[in-house]
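One structure is given below, represented as structure tokens, and several questions about it will come after.
Source: prediction; values computed, not measured. We count residues from 1, following the sequence as given. All ligand and atom numbering here is 1-based and tracks the order in the structure.
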Amino acid sequence: MPTIADLPEPPGLPVVGHGPALARGGTMHRTLFRWRDRLGPTYRVRLGPITAVVSSAPEIVGAVLRERPQTFRRASYLSDVIDEIGGHGLFNAEGDDWRRLRRSAVPGLSVTSLRNAFGTMVRSTGRLRDHWAAAGPDRRVDVLDEMTRYTLEVIGSLTLGYDFDAVRRPHADGVHQRLPLIASTLVRRMYSPVPYWRWFRLPADRRTDAVVAEASALVADRYADAHRRMSAGEQPTCYLDTLVKHSLDHDEPLTAKDAAGSIVSMLVAGEDNTAAQVTWAMHHLANHPEAQAKVRAETAEVLGDRQLPDDAASLSRLGYVEAVVKETARVNPPSPYLIMEAVTGTTIPDGGDGLRVDPGTVLILLTDDGADPGPFRPEQWLSDPPAAPASHPFGGGPRLCPGRNLALIESMLLIAMTCHNFTIEPDTSGGPVGERVTLAVFPTNVGVRLRPIRG
Ligand code: HEM
């Protein structure tokens with residue numbers, strides 16, 4: 001039976017292997033796709049002392065994602081990096097710890113709970129509209145920056161019941177200004193060839209420690225309040241409440257430190273991917289006036305004189321807007337690969353003889369096919385079944401992204417509000433649009449000008 005030793009390998013350097021080639025240009029996914037085109041769906045790479053399987057074979061990707069957490073897990077190296085920064089939570093928990101966190105998180109992110117949280121998202125979307133309207137049409141909007149503050153504000157309200165008020169205060173001092181440092185330090189450590197931070201702290205690491213301490217103090221404060229309210233029998237209104245209530249109902253210990261880790265984990269998981277997705281959507285709309293016009297025709301019919309969809313029923317009537325979100329995720333999936341690790345020795349079915357892997361084997365799963373996505377055509381999502389090829393931007397199996405409904409609602413609100421109130425024009429004065437791998441595949445240099453079309 002084939003093992004990792006039988007897989008083909010791209011040309012690499014002695015000792016360091018393929019790490020430098022993958023790090024080059026900040027577009028690791030493109031290099032992985034290129035090698036896949038040359039070597040076939042399953043091959044291996046060397047990352048220093050680690051040899052990893054890379055696969056885009058649907059049987060392998062599906063089996064690994066499905067057989068979690070018992071046979072496969074998130075790569076332990078990445079999980080350790082997240083733990084060390086103080087972000088232990090649903091994203092990197094394993095085994096029974098993961099089962100417990102997943103059980104307590106999913107209800108809070110269900111469609112019903114999100115319907116209750118809709119008002120929070122409408123408030124942030126309205127703030128953004130007013131902020132843009134006040135700034136006037138001549139300002140270049142740095143879309144990723146604005147979307148990052150928006151998604152942070154929303155996820156802060158949903159997880160902590162706390163208003164970062166980040167949308168209206170781009171330059172004001174506050175923890176919202178500093179939180180993105182946690183994600184950037186995570187990325188730096190994830191891709192660092194040596195875990196230097198275990199021996200010494202660089203200035204950026206010390207700043208990150210201070211931000212995590214600041215966020216933890218905020219959570220500890222809210223935790224005490226949540227504990228009091230949940231003990232008094234109140235119903236949960238945010239993720240922190242849900243965690244506290246779950247621990248009280250099931251008599252499971254939950255310290256303020258556990259709660260802080262879970263919240264930091266959710267803030268990081270919930271912010272970057274969504275900000276990347278909406279920024280890509282704005283980029284496509286800016287460059288496709290015909291798609292913009294279709295969104296506008298739809299919002300004119302559904303919203304009339306309202307400035308944005310302020311009730312869930314209106315949002316559900318915006319079929320073309322939803323198609324824009326899905327098409328964006330097809331053309332620019334924010335997470336085109338996932339890094340897993342075998343917990344036990346196992347044979348992965350691959351449609352042939354199977355692939356034998358040992359415990360601890362790292363697997364890089366390509367969840368996107370990486371082929372030229374062709375033109376941006378939201379229309380292909382409107383037929384039933386959709387004419388667009390299937391895509392899996394949210395992973396799969398038992399660890400499928402629990403935030404996908406939230407991300408869809410946020411994205412739809414933003415797209416509908418923007419096209420209904422402004423025309424979007426591309427502004428490339430910051431340089432050409434590109435992409436860069438961080439926690440998600442981020443667009444770089446997406447700038448637009450927004451010309452008001454309503455009072
Ligand atoms: C467009 C936006 C988003 C994309 C593309 C995205 C993508 C993903 C992907 C690919 C995974 C890994 C799934 C797997 O291992 O099979 C994931 C997991 C996760 N996502 Fe999202 N995500 C998005 C938005 C969100 C939001 C808004 C939240 C917060 C509420 C969130 C919270 C999480 C969490 C907690 C996990 C870990 C789940 C687990 O391991 O059980 N995500 N996401």
Under a 4.0 angstrom heavy-atom cut-off, which atoms of ligand 1 come close to L406?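 Taking each heavy atom of L406 in turn, ligand 1 has 27 (C), 30 (C) under 4.0 Å.
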
How about atom 21 (Fe) of ligand 1, which protein N, O or S atoms come within less than 2.8 Å?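 Protein N, O or S atoms closer than 2.8 Å to atom 21 (Fe) of ligand 1: C401 SG.
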
- Query: Could you give all pairs that pass the ring pair (Phe, Tyr, Trp, His ring centres under 6.0 Å) test and reach residues 86-108, with sequence neighbours left out?
  - Reply: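 Output for this query is empty, none listed.
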
Nearest protein heavy-atom contact for atom 7 (C) of ligand 1: which residue, which atom, what distance?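 Sorting protein heavy atoms by distance from atom 7 (C) of ligand 1 puts P393 O, 3.7 Å first.
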
* So F33 and H29, would you call those rings parallel, tilted or perpendicular, with 30° and 60° as cut-offs? ->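 Perpendicular: the ring planes of F33 and H29 meet at over 60°.
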
query = Nearest protein heavy-atom contact for atom 39 (C) of ligand 1: which residue, which atom, what distance?
reply =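 Of the protein heavy atoms, R102 NH1, 3.5 Å lies nearest.
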
Requested in this report: For atom 24 (C) of ligand 1, grab the closest protein heavy atom and report residue, atom and distance to one decimal in Å.
Outcome: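 For atom 24 (C) of ligand 1, the nearest protein heavy atom is T274 OG1, 3.6 Å.
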
Margin query: Using side-chain contact (heavy atoms from CB on, under 4.5 Å), reason through L160 and C238 one step at a time and then give a plain yes or no.
Written below: CA-CA 6 Å; L160 279 175; C238 65; 5.6 Å; no

Q. Which residue holds the protein heavy atom closest to atom 16 (O) of ligand 1, what is that atom called, and what is the gap in Å?
A.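 Going by distance alone, atom 16 (O) of ligand 1 is nearest to R68 NH2, 2.7 Å.
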
| query | Heavy-atom distance under 4.5 Å between the side chains of E322 and W381, does that happen here? | reply |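 In short, these two side chains do not touch, never coming nearer than 4.5 Å.
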
Where ligand 1 meets G396 - atom numbers and elements under 4.0 angstrom, heavy-atom basis: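 The atoms of ligand 1 under 4.0 Å from a heavy atom of G396 are 16 (O).
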
- Can you list the steps and then say if N273 with S335 is a side-chain hydrogen bond (donor to acceptor under 3.5 Å, both in side chains)? CA-CA 8 Å; N273 271 308; S335 295; 3.1 Å; yes

Discussion item. Between ligand 1 and R74, can you find any atom pair, the residue atom being a heavy atom, that is separated by under 4.0 Å?
Written reply: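 Yes, R74 has a heavy atom closer than 4.0 Å to ligand 1.
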
Heavy-atom pairs closer than 4.0 Å: do any link ligand 1 to the side chain of L90, the backbone, both, or neither?
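It is both backbone and side chain that touch ligand 1.
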
Report yes or no: does a heavy atom of Y239 sit under 4.0 Å from some atom of ligand 1?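 Heavy atoms of Y239 never come under 4.0 Å of ligand 1.
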
Practice prompt. Using a 4.0 Å heavy-atom cut-off, say whether E271 meets ligand 1 through its side chain, its backbone, both or neither.
Written response: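 The answer is neither.
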
Provide the closest heavy-atom pair for L240 versus V219 in the form atom of the first, atom of the second, distance.
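Taking every non-hydrogen atom into account, CD2-O, 4.3 Å.
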
Q) Any side-chain heavy atom of T185 within less than 4.5 Å of one from I85? A)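 Heavy-atom side-chain distance check passes, below 4.5 Å.
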
field: Parallel, tilted or perpendicular, as decided by the 30° and 60° cut-offs, for the rings of Y43 and W35
entry: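 Perpendicular.
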
Q. Side chain or backbone of Q277 under 4.0 Å from ligand 1, or both, or neither, by non-hydrogen atoms?
A.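 Side chain only.
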
Do you know the tightest heavy-atom contact between R330 and P389?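 For R330 versus P389, the nearest heavy atoms are CD-CD, 3.9 Å.
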
Please write down residue, atom name and distance for the protein heavy atom closest to atom 13 (C) of ligand 1.
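Minimum-distance protein heavy atom for atom 13 (C) of ligand 1 reads R399 O, 3.3 Å.
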
Answer yes or no: is there a side-chain heavy-atom contact under 4.5 Å between Y77 and E341?
->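 No - every pair of side-chain heavy atoms lies 4.5 Å or more apart.
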
Does R222 use its side chain to pair, donor to acceptor, with the backbone of G161 at less than 3.5 Å?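 Flag set: sc R222 to bb G161 pair under 3.5 Å.
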
> Heavy-atom distance under 4.5 Å between the side chains of I348 and E67, does that happen here?
Replying inline: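 They are not in contact (no side-chain heavy atoms under 4.5 Å apart), so the answer is no.
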
Part of I155 within contact of ligand 1 (heavy atoms, under 4.0 Å):
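Side chain only; the backbone of I155 stays clear of ligand 1.
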
